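Okay, so here's the structure we're looking at.
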Amino acid sequence: GGPPTSPTPPPTWLPSNNPSLAGWYDASDMSSHINSGGAIVGLESQDIYGDDLGAIGSTIQLGSQQNNLNTLYFNGVNALYNNSTDVLVSPIGNHYAVGLFYPQDVGNVKDSIWGVASNGSLGSFSTNRENQWIIVTILFNKTNLQSIDIKINGDVNFSQSTSYLNTLTSSQKLRIMTNRGKNYDQKGRFGELMLYKNSSGPNSTDWHEYSDKDEGYLAWKWGLQGNLPNAHPYKNAAPIP
């Protein structure tokens with residue numbers, strides 16, 4: 001018989017399990033850091049999901065670790081950006097993003113932890129939740145709700161909503177830790193960001209299910225499951241495919 005074997009752990013949910021994944025950036029993956037002369041000058045996307053990003057302003061530094069994972073630190077005068085357009089959104093207007101950020105010294109309503117720009121704005125976010133890690137989910141629903149909704153740490157009781165009436169062009173220029181115009185840089189740390197170009201139709205609810213899984217994925221990976229509300233479906237266990 002031999003010694004007893006431990007049960008095989010269940011498979012872990014990954015953003016790439018979602019067929020709508022369009023962009024994925026992970027600061028904890030040291031192999032994705034673009035280095036020059038010992039300085040971080042950009043960040044590669046995960047696998048095929050998005051264009052690589054360059055640094056604008058000063059070079060970027062490693063931040064303090066979270067759950068033994070590396071982060072990137074932004075000093076308020078630098079950011080990551082894509083100078084080319086990338087297909088990040090759905091042409092019918094249903095798309096969303098989920099990311100992990102640690103904002104500091106938010107000083108202007110245009111300070112943004114992420115955004116994109118081409119022929120319109122996809123997402124920017126400012127809040128007084130400074131000096132703490134937050135999971136930010138932004139849901140865009142053009143086809144039936146015609147609204148943009150924001151959740152913090154997967155909490156549906158904390159939400160901000162605004163109307164969303166004009167469908168964006170599919171190709172956008174991603175910015176991390178700055179707004180779409182690259183003129184309001186945000187100080188703080190960055191962990192991870194995923195962007196999805198969901199196009200499964202106006203009555204689909206799978207993107208809400210997927211965003212819940214992404215919130216659980218980030219929370220359990222980065223040791224922040226305690227930030228999820230008790231009603232969250234992945235409060236007590238990480239998501240699996």
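This chain uses plain numbering: 1 for the first residue, then up along the sequence. Given the structure is predicted, the values throughout are model-derived calculations rather than measurements.
A continuous path of hydrophobic side-chain contacts links Ile150 to Phe190 [ILVMFWY only; heavy atoms under 4.5 Å]. Residues Trp220 and Leu193 are members of separate hydrophobic clusters, defined by side-chain heavy-atom contacts under 4.5 angstrom among Ile, Leu, Val, Met, Phe, Trp and Tyr. Under a hydrophobic clustering in which Ile, Leu, Val, Met, Phe, Trp and Tyr are joined whenever their side-chain heavy atoms come within less than 4.5 Å, directly or via other members, Ile176 and Leu62 fall into the same cluster. Transitive grouping of hydrophobic side chains (ILVMFWY, heavy atoms separated by less than 4.5 Å) keeps Leu72 and Ile56 in distinct clusters. Cluster annotation: Leu80 is connected to Met30 through the hydrophobic network of ILVMFWY side chains, with a link wherever side-chain heavy atoms come within less than 4.5 Å.
For the atom pair CD (Gln65) and OG (Ser28), the distance works out to 10.0 Å, reported to the nearest 0.5 Å. Atom CG of Asn70 sits about 11.0 Å away from atom CZ of Arg189, to the nearest 0.5 Å. With values rounded to the nearest 0.5 angstrom, Gln61 atom CD is found 6.5 Å from Thr59 atom OG1. For the atom pair Ser170 OG and Leu88 CG, the distance stands at 9.5 Å (nearest 0.5 Å).
The shortest non-hydrogen separation linking Ala22 to Lys197 is CB-CG, 3.8 Å. Of all heavy-atom pairs spanning Ser58 and Asn78, the tightest one is O-CB, 3.2 Å. Residues Leu218 and Leu100 approach most closely at CD1-N, 4.3 Å, considering heavy atoms. Considering every non-hydrogen atom in both Ile34 and Leu53, the closest pair reads CD1-O, 3.9 Å. In plain terms, the two heavy atoms of Gln146 and Lys142 that are nearest each other are CG-O, 3.2 Å. Nearest approach of Ile148 to Ser163, heavy atoms of both residues: CD1-O, 4.4 Å.
No donor-acceptor pair closer than 3.5 Å links the side chain of Asn18 to the backbone N or O of Pro15. A donor-acceptor contact shorter than 3.5 Å links the side chain of His95 to the backbone of Ser90.
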Please tabulate, one pair per line, all N/O donor-acceptor pairs under 3.5 Å involving side-chain atoms of residues 223-232, not counting sequence neighbours.
residue, atom, partner, partner atom, Å
His232, ND1, Tyr234, N, 3.1
His232, NE2, Glu215, OE1, 2.8

Review item, side-chain donor-acceptor pairs of residues 38-49, under 3.5 Å, at least two apart:
residue, atom, partner, partner atom, Å
Ser45, OG, Gly50, O, 2.7
Gln46, NE2, Asp29, OD2, 3.0

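At a threshold of 4.5 Å between non-hydrogen side-chain atoms, the residues Ser64 and Tyr73 do not count as touching. Side-chain contact check for Thr137 versus Asp214: every heavy-atom pair is 4.5 Å or farther apart. The shortest side-chain heavy-atom distance between Ile134 and Gln132 falls under the 4.5 Å cut-off. Inter-residue side-chain proximity for Thr71 and Tyr102 is flagged as unmet; no heavy-atom pair is nearer than 4.5 Å.
For the residue pair Asn141/Ser147, the side-chain donor-acceptor check at 3.5 Å is not satisfied. For Ser112 and Arg175, the side-chain atoms include no donor-acceptor pair closer than 3.5 Å.
Remark: Ser84 engages Asp51, Asn82 in a side chain to side chain contact (heavy atoms under 4.5 Å, CB included) (not counting sequence neighbours). Residues passing the ring-ring contact (aromatic ring centres under 6.0 Å, His included) test with Tyr81: none are found, sequence neighbours excluded. Under the ring-ring contact (aromatic ring centres under 6.0 Å, His included) criterion, Phe74 pairs with no residue, sequence neighbours left out. Listed by chain and residue number, Trp133 satisfy the side chain to side chain donor-acceptor pair (under 3.5 Å) test with Gln66 (two or more places apart in sequence, or in another chain).
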>> What verdict does the side-chain contact (heavy atoms from CB on, under 4.5 Å) test give for Tyr217 and Leu14, after you've listed the backbone C-alpha separation in whole Å, the side-chain angles of each residue and the deciding distance to 0.1 Å?
In response: CA-CA 7 Å; Tyr217 158 80; Leu14 291 173; 4.1 Å; yes
> Can Tyr96 and Ile138 be said to form a side-chain contact (heavy atoms from CB on, under 4.5 Å), step by step?
Replying inline: CA-CA 5 Å; Tyr96 62 98; Ile138 307 183; over 6 Å; no
>> Does Val136 form a side-chain contact (heavy atoms from CB on, under 4.5 Å) with Val98? I'd like the steps, not just the answer.
In response: CA-CA 6 Å; Val136 181; Val98 187; over 6 Å; no
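Each salt bridge (charged side-chain N to carboxylate O under 4.0 Å, His left out) pair with one or both residues in residues 69-89, not counting sequence neighbours, would appear here, but there are none. Applying the salt bridge (charged side-chain N to carboxylate O under 4.0 Å, His left out) definition to pairs two or more places apart or across chains, those involving residues 220-233 are Asp26-Lys221, Glu192-Lys221. Applying the salt bridge (charged side-chain N to carboxylate O under 4.0 Å, His left out) test to every pair with at least one member in residues 89-106, sequence neighbours left out, gives these pairs: Asp105-Lys187. Here ring pair (Phe, Tyr, Trp, His ring centres under 6.0 Å) pairs that include residues 13-43, with residues two or more places apart or in two chains, are Trp13-Tyr210. Applying the salt bridge (charged side-chain N to carboxylate O under 4.0 Å, His left out) rule to pairs touching residues 225-241 yields nothing, sequence neighbours excluded.
If you chain together ILVMFWY residues whose side-chain heavy atoms come under 4.5 Å of each other, Val87 ends up in a group of its own.
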